[in-house]
There are 4 protein chains.
Amino acid sequence: MTHSVTKPMRSDAVRSRKLLLEAAAAAFAEQGVEVSISEIAERAGIGKGTVFRHFSTKEDLLAAVVSANQTLLVTIGERLARTAAPADALLEFMAAAIELQVRDRAFCQVAHGEARDHPDVRNGLAALTVVTATLTDRARAHGAIRQDITGQDVMLLMSGIFQTASPLLPTQPQLWRRYLRLVFDGMQADTPALPGPPAAPQSSWQQAELAGSPITG
Amino acid sequence: MTHSVTKPMRSDAVRSRKLLLEAAAAAFAEQGVEVSISEIAERAGIGKGTVFRHFSTKEDLLAAVVSANQTLLVTIGERLARTAAPADALLEFMAAAIELQVRDRAFCQVAHGEARDHPDVRNGLAALTVVTATLTDRARAHGAIRQDITGQDVMLLMSGIFQTASPLLPTQPQLWRRYLRLVFDGMQADTPALPGPPAAPQSSWQQAELAGSPITG
Amino acid sequence: MTHSVTKPMRSDAVRSRKLLLEAAAAAFAEQGVEVSISEIAERAGIGKGTVFRHFSTKEDLLAAVVSANQTLLVTIGERLARTAAPADALLEFMAAAIELQVRDRAFCQVAHGEARDHPDVRNGLAALTVVTATLTDRARAHGAIRQDITGQDVMLLMSGIFQTASPLLPTQPQLWRRYLRLVFDGMQADTPALPGPPAAPQSSWQQAELAGSPITG
Amino acid sequence: MTHSVTKPMRSDAVRSRKLLLEAAAAAFAEQGVEVSISEIAERAGIGKGTVFRHFSTKEDLLAAVVSANQTLLVTIGERLARTAAPADALLEFMAAAIELQVRDRAFCQVAHGEARDHPDVRNGLAALTVVTATLTDRARAHGAIRQDITGQDVMLLMSGIFQTASPLLPTQPQLWRRYLRLVFDGMQADTPALPGPPAAPQSSWQQAELAGSPITG
DNA sequence: CATGAATGAGGATTCATTCAT
DNA sequence: CATGAATGAATCCTCATTCAT
């Protein structure tokens with residue numbers, strides 16, 4: 001990940017990389033993963049070749065953008081875990097995650113499998129899983145949410161909420177708050193246990209892949 | 001809709017069309033709208049040209065698959081509205097919709113704008129909106145859900161739930177039941193009003209298009 | 001060409017063939033040789049398969065239409081040769097040919113090589129060449145045109161005139177009369193001999209093909 | 001037109017573009033507008049993608065080839081207007097135009113409407129119209145041609161002559177001289193006025209389009 | 001015999017990626 | 001090292017022709 005043993009980047013290369021990542025983040029967010037490398041390069045004001053100098057495939061670039069978001073979220077989650085009360089910390093974390101992602105078309109696609117095999121994305125997801133579990137466990141321990149909710153449930157619910165609100169984002173940019181509130185109410189509901197086991201940990205993605213889709217068979 | 005005056009289809013054409021629609025439904029569900037016509041044709045065991053004989057563009061084919069799903073849902077919803085108690089009707093309708101769509105990758109993309117301009121899809125959505133509103137209004141009138149939930153909210157929540165559960169579908173095909181329960185609990189919660197206005201009716205999609213995205217600006 | 005030894009056509013087949021030829025003539029005239037067999041069949045009110053029952057390739061159909069025009073012209077030319085004065089006969093023949101063809105987009109394309117290899121077209125052209133030469137020779141013998149104009153020249157000039165006027169046909173349908181008059185004046189001009197030899201007889205088309213194009217080489 | 005502020009093209013791009021334009025000109029000339037991009041690319045010895053890098057549609061490529069010819073002709077005409085006597089200037093201009101175009105199958109198709117809507121072609125045609133009118137007016141003013149011949153007539157006649165001679169080009173490449181002479185004699189003929197009004201100025205093409213074809217109705 | 005359903009080769013175009021400048 | 005020119009595989013779609021009904 002880091003380049004501590006390699007020669008340090010030239011300053012213009014550093015600048016190019018920054019421009020590229022910003023442009024890519026914006027482009028992926030607006031248009032989804034189908035946006036072309038040409039357009040990203042143009043938005044960054046650099047040449048197409050330079051994109052491939054920094055990231056040897058398009059998927060690497062996407063993974064870099066996605067994992068930067070993941071890292072940011074992890075940081076936010078860790079801070080909240082240290083500074084906020086259990087219930088507040090979890091709710092604020094979910095709000096932050098959703099607000100960050102609701103504007104991001106590519107993130108929805110990633111949630112559905114795009115680039116999920118990339119090491120950086122996988123690592124980011126693992127870190128995110130850890131911090132989400134921490135926050136969830138604290139909230140659960142303090143009775144702020146029902147007993148049968150796991151960190152993995154929370155991760156999926158965050159993803160679901162932004163996807164719920166995403167279609168109407170242009171006209172109702174705050175709609176996600178409505179559904180976050182509703183879902184959080186559900187997370188606190190004092191009703192019989194939720195049906196089925198909680199979501200399995202992330203490694204199930206790999207198993208899923210190996211197993212083949214039950215739809216096809 | 002019906003073609004009572006038209007000559008009936010030849011049996012081989014009927015068979016081809018059936019194979020095609022099944023193959024297309026499966027392919028779109030598994031791989032999303034990006035799946036190629038060639039692959040669909042191959043899976044159906046027919047020639048590429050035959051696909052275009054039945055649907056003159058790829059988008060028409062997608063719209064046919066999507067609107068068939070929409071029609072099925074509308075039928076289910078209408079039956080439930082006649083036969084089931086208000087709260088049960090709504091819950092069962094949501095369950096049916098989610099179960100039908102959770103397996104469908106293309107449906108997620110449609111929820112995010114793909115093919116939404118196709119007349120068949122638009123009509124299907126309108127019909128779906130009507131029946132969802134009916135069921136929601138009944139449930140609300142009977143006090144089965146909180147007062148500030150609209151049919152449009154329900155449509156978005158259904159879409160969100162299947163998208164929540166979709167990533168883990170291969171290993172945990174029943175996971176959506178968990179989140180449907182949780183959301184339905186949230187829909188019944190006796191807490192202060194949900195923040196913000198409910199989702200605007202569907203026509204806001206068009207307005208959104210005209211208004212341009214606030215993200216880009 | 002004729003089917004004297006074969007079984008006579010069924011009356012519905014005769015009717016289909018007539019409808020087909022009329023529709024094809026109109027379609028080729030309006031849209032050129034690129035018009036699709038589907039459209040021709042539809043205009044004729046018959047099935048696509050029936051087109052191929054009557055003409056086993058599209059080129060055969062085109063050749064039939066073209067050679068019907070050629071035959072008609074030959075008939076007109078032969079009558080004029082019998083009934084009109086030499087100069088009038090030639091001028092009227094040219095007028096008839098141009099008027100017939102000026103509306104025909106496909107004919108321009110045939111003039112430039114399309115279907116020229118088809119036996120029927122070749123035969124029609126041969127017959128047309130004969131009658132044109134007859135009329136030209138008579139006119140020349142009577143001093144109605146300059147001595148160095150041949151029948152082949154006249155054939156090419158007819159073709160050129162309708163192509164001159166063709167682009168403006170929609171707005172000025174009578175424009176060809178203007179250029180026929182002008183060319184006919186040129187054919188009578190009392191000036192030094194025209195440069196170069198007259199056009200060679202039609203067989204040169206074949207030689208041309210074998211020789212390859214001087215442009216490419 | 002010129003790109004004085006733009007970065008100069010890279011030498012390899014210049015070479016590709018030159019190869020492409022030459023190959024395209026030859027291919028369109030020989031085979032007409034129906035020639036495939038694949039074949040053009042192959043003849044140019046470049047990849048298919050490179051064609052689209054230089055011209056974003058096939059029609060743009062065709063327009064580039066056609067308008068290069070138009071520009072060349074305009075230049076020739078303007079020089080002749082400055083340097084030659086009125087009658088000679090017109091005759092030489094017609095000769096140059098015909099010689100340039102007689103080899104060009106695509107040009108015939110353009111004369112019949114192909115690509116006429118492309119801005120470059122339209123502009124080229126307008127410029128060609130202007131210079132032809134200038135030369136024609138001078139010749140008429142000096143009594144070198146009859147009074148009722150307009151520039152528009154001359155443009156159509158040039159087009160007609162090369163189309164007259166085009167079919168026999170491979171075996172008789174100089175045949176057009178024969179018909180140019182004949183037509184020019186006709187343009188000088190001292191006979192009663194030519195029938196009908198002269199050809200309308202070029203804008204009639206547009207009117208024609210709007211009016212619909214009298215053939216179809 | 002007529003029909004139109006099925007076919008698949010072929011065409012224009014896009015775009016991630018490679019490589020000469 | 002940055003650039004953008006070149007590449008060609010892959011995509012959607014058309015249409016002459018074949019063949020089952």
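- Across the protein-nucleic acid pair, B:Phe55 atom CZ and F:dC12 atom C1' stand 16 Å apart, rounded to whole Å.
- Between the C:Ser67 side chain and the C:Gln70 main chain, no donor and acceptor come within less than 3.5 Å of each other.
- In this structure, B:Glu42 atom CD and F:dT11 atom C1' are separated by 15 Å, rounded to whole Å.
- Taking 4.0 angstrom as the limit, C:Thr50 places a side-chain polar atom (N or O) nearer than this to OP1 or OP2 of E:dT3.
- For A:Glu59, there are no salt bridge (charged side-chain N to carboxylate O under 4.0 Å, His left out) partners two or more places apart in sequence or in a different chain.
- Counting heavy atoms from C-beta outward, B:Val66 and B:Asp120 have side chains that stay 4.5 Å or more apart.
- Rounded to a whole Å, the CD1 atom of A:Ile40 is 17 Å from the C1' atom of F:dG4.
- Side-chain nitrogen and oxygen atoms of B:His54 include at least one within less than 4.0 Å of the OP1 or OP2 phosphate oxygen of E:dA6.
- In this structure, B:Ile46 atom CD1 and E:dT7 atom P are separated by 7 Å, rounded to whole Å.
- Between D:Gly32 and D:Gln109, the shortest heavy-atom distance links the atoms CA-OE1, 3.0 Å.
- C:Ala25 and C:Val65 get closest at one heavy-atom pair: CA-CG1, 3.7 Å.
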- Message: Working note: D:Arg17 + D:Glu22, criterion side-chain contact (heavy atoms from CB on, under 4.5 Å); need CA distance, chi angles, decisive distance, verdict.
- Response: CA-CA 9 Å; D:Arg17 192 185 181 92; D:Glu22 286 167 2; over 6 Å; no

Scoring nucleotides 12-21 of chain E by protein non-hydrogen atoms under 4.0 Å (B base, S sugar-phosphate only, - none) yields SBB-SBB-B-

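- Contacts of D:Phe28 classified as ring-ring contact (aromatic ring centres under 6.0 Å, His included), with partners at least two apart in sequence or in another chain: none.
- Both key distances under 3.5 Å define a Watson-Crick or G-U pair, and stretches of 3 or more such consecutive pairs in DNA chain F run E:2-21 with F:2-21.
- Map A:Val51 and D:Arg15 each onto its nearest nucleotide of DNA chain F; the residue landing nearer the 5' end is A:Val51.
- Judged purely by atom type and a 3.5 angstrom limit, C:Ser36 uses its side chain to pair as donor or acceptor with the backbone of C:Glu39.
- Remark: nothing in residues 62-69 of chain B comes within less than 4.0 Å of DNA chain E through any heavy atom.
- In this structure, CZ of C:Arg53 is placed 13 Å from C1' of E:dG4, rounded to the nearest angstrom.
- Looking at A:Lys58 and A:Glu34, no side-chain N of the basic residue comes within less than 4.0 Å of a carboxylate O on the acidic one, giving no salt bridge.
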Which pairs of donor and acceptor atoms, one on a side chain in residues 44-55 of chain B, lie under 3.5 Å apart (sequence neighbours left out)?
none

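- Note that CZ of C:Arg103 and CD of C:Gln101 are 13.0 Å apart. Values are rounded to the nearest 0.5 Å.
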